[in-house]
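For reference, the structure discussed in these notes is given below.
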Amino acid sequence: MRLTDEEKRMLKGDFGPTVQKAMEVQVKLGQIHDAPYMVEITSAHIDGNIDKEHNEDSIDFLEKLATGQINVRTFTTLNTIGMDREKYRELGFSSAQFADQFRLNRAYEGMRCLGVYTCTPYYTSNLPRFGEHVAWSESSTPPFINSVLGARTSREAGVSALMAAITGRTPYYSYHVPKNRLGKVLVKIACPIEDISDYGLLGYFVGKRVGSRVPVFDGLTEPSRDEMIYLGASLATSGPVAMYHIPGVTPEAKDLDEAFGPNEPELVINVTKSSLQEPLDYLNDMDSGPVEFVALGCPHYSLAQLANVAGLLEGKRIHKRVTMWVHTSEPIRHMARKLGLEEIISRASGVLTADMCTICSPLEKLGFRTLVTDSVKQAFYSHLFNNFTTAVDTTENVINIAVAGVWEGNKNNA
Ligand code: F3S
């Protein structure tokens with residue numbers, strides 16, 4: 001790999017052993033992927049910062065980095081954790097349960113990572129510009145960065161994003177390279193896609209079929225930013241997809257020709273209403289009957305989504321046997337508080353959480369076994385990590401289910 005003088009000095013150890021090790025790892029990564037050189041990054045986003053993914057040795061290692069005054073070289077945000085730092089007791093947890101999480105937070109923040117714990121930091125704090133090279137982990141973020149913003153990131157792991165943050169560099173490969181960003185698969189939409197749950201089902205269906213190829217969606221009309229986030233999150237749930245195009249909407253695809261460039265589609269996928277039923281057959285395995293737990297906000301909700309939820313809950317009350325969490329980031333909750341949205345959600349007996357998500361939290365301690373949600377990603381991982389049975393429906397239907405306290409089956413089947 002060609003390295004600049006400064007990168008060579010990092011590799012030689014002029015900036016200390018940690019920077020040296022981080023550069024060694026990145027050079028190795030670059031060599032594996034035939035990257036010709038490194039690029040400077042303008043931001044990083046690190047996941048894998050939850051206590052469930054660490055042991056004493058790894059926490060100790062991060063604490064040593066922080067006390068050794070290793071600072072990240074680029075603006076860096078942190079991903080969602082398993083606790084709401086303000087409300088964890090209200091949610092049924094104790095501080096002892098999160099002793100390791102507090103240590104991790106201090107260690108990362110000690111390296112000057114911004115302690116805003118969210119999978120949607122682009123709403124409030126970390127918003128890359130078109131064409132910028134960045135190093136972002138958490139599977140739902142690369143599709144947003146690459147597709148919606150037109151910035152450039154590989155599908156980073158938490159560790160490689162940390163190394164990139166420490167060196168301020170990432171190898172030039174994957175979606176950093178323009179030709180790898182072109183469409184390879186044409187997806188023809190022949191049914192209405194309306195709610196974020198529909199976008200999630202679409203993403204799940206397509207993600208399973210495209211591998212790491214870039215899909216181009218033909219027939220999606222004016223999706224909102226939030227809908228595109230839920231599309232990308234699901235594409236990256238059922239497959240390793242980190243970029244997609246929507247002609248006329250995403251910035252590198254003014255039309256189909258630009259989306260594909262010189263490529264011919266290697267595959268054409270036709271999406272009909274029955275296509276969306278396929279993921280539902282797997283994800284809607286919860287028995288109809290009483291509901292115990294409802295969660296919204298995976299990925300973390302925007303302020304507009306919270307306003308929608310508050311509007312749907314206004315004047316209603318969630319059934320007394322139902323626990324309902326709505327996840328967002330701390331800055332968005334702050335704004336929701338100022339707008340009176342949190343109060344409406346609380347008055348209806350829901351809890352607006354910040355920093356956390358259902359999947360990352362130690363839910364098993366609260367005894368839930370089932371989940372109703374509008375998020376395909378959340379339902380999928382609740383099966384995998386929490387052994388839950390689940391039901392997925394539109395945001396509006398999920399709220400009506402929370403109020404009724406009963407799941408009667410999938411409205412999308414109607
Ligand atoms: Fe975010 Fe947790 Fe979902 S990290 S994308 S809310 S699984």
Side-chain angles (χ1 to χ4, degrees), residues 45-53 77-85 91 101 104-105 108 115-126 136-145 147-148 153 155-158 161 196-197 199-201 203-204 207 225-242 283 293-302 305-306 309 324-333 351-364 368 371-388 390 392 395 398:
H45 180 70
I46 298 174
D47 79 342
N49 53 318
I50 55 172
D51 50 4
K52 279 182 179 178
E53 294 185 24
T77 42
L78 295 166
N79 203 55
T80 307
I81 53 178
M83 62 182 289
D84 181 326
R85 287 170 295 165
L91 299 177
Q101 188 62 62
L104 280 167
N105 295 355
Y108 281 107
V116 55
Y117 298 93
T118 179
C119 47
T120 55
Y122 36 76
Y123 284 141
T124 52
S125 52
N126 195 352
W136 281 48
S137 56
E138 206 296 300
S139 65
S140 75
T141 67
F144 182 79
I145 293 294
S147 318
V148 182
T153 185
R155 215 170 179 255
E156 300 279 359
I196 55 167
S197 61
Y199 278 89
L201 295 169
Y204 188 93
R225 182 191 56 187
D226 296 331
E227 287 165 343
M228 289 191 278
I229 289 167
Y230 275 65
L231 172 65
S234 288
L235 282 165
T237 294
S238 59
V241 182
L283 297 170
F293 182 47
V294 172
L296 303 169
C298 168
H300 276 176
Y301 265 176
S302 65
Q305 287 173 300
L306 291 183
V309 167
M324 183 168 124
W325 293 350
V326 186
H327 303 304
T328 191
S329 64
E330 192 184 32
I332 297 273
R333 181 167 71 184
V351 185
L352 181 59
T353 78
D355 307 325
M356 67 178 292
C357 84
T358 299
I359 307 301
C360 305
S361 69
L363 259 194
E364 51 287 352
F368 300 127
L371 166 75
V372 181
T373 179
D374 59 357
S375 165
V376 165
K377 175 175 181 176
Q378 184 159 242
F380 178 83
Y381 284 112
S382 296
H383 279 92
L384 204 62
F385 297 137
N386 305 108
N387 281 325
F388 278 15
T390 61
V392 176
T395 309
V398 168

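Heavy-atom basis, side chains included; hydrogens, waters and symmetry copies ignored. In this chain, residues are counted from 1 in sequence order. Every number for a ligand or one of its atoms is a count from 1 in the order of the listing.
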With sequence neighbours excluded, residues passing side chain to side chain contact (heavy atoms under 4.5 Å, CB included) with Ser302
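Tyr123, Arg225, Asp226, Ala304, Gln305.
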Would you mind reporting whether Ile81 and Cys360 have side-chain heavy atoms less than 4.5 Å apart?
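No, every pair of side-chain atoms sits at 4.5 Å or beyond.
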Taking side chain as C-beta onward, heavy atoms only, is Lys52 less than 4.5 Å from Phe385?
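In short, these two side chains do not touch, never coming nearer than 4.5 Å.
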Parallel, tilted or perpendicular: which one describes the rings of Phe368 and Phe293, with boundaries at 30° and 60°?
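The rings of Phe368 and Phe293 lie parallel, inter-plane angle below 30°.
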Using the side-chain contact (heavy atoms from CB on, under 4.5 Å) rule, take Leu104 and Asn49 through it: C-alpha gap first, then chi angles, then the decisive distance, then the call.
CA-CA 7 Å; Leu104 280 167; Asn49 53 318; 5.8 Å; no
Heavy-atom pair of closest approach, residues Trp136 and Pro142:
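That closest heavy-atom pairing would be O-CG, 3.9 Å.
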Could you grab the protein N, O or S atoms closer than 2.8 Å to atom 1 (Fe) of ligand 1 for me?
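Metal shell, protein only: Cys119 SG.
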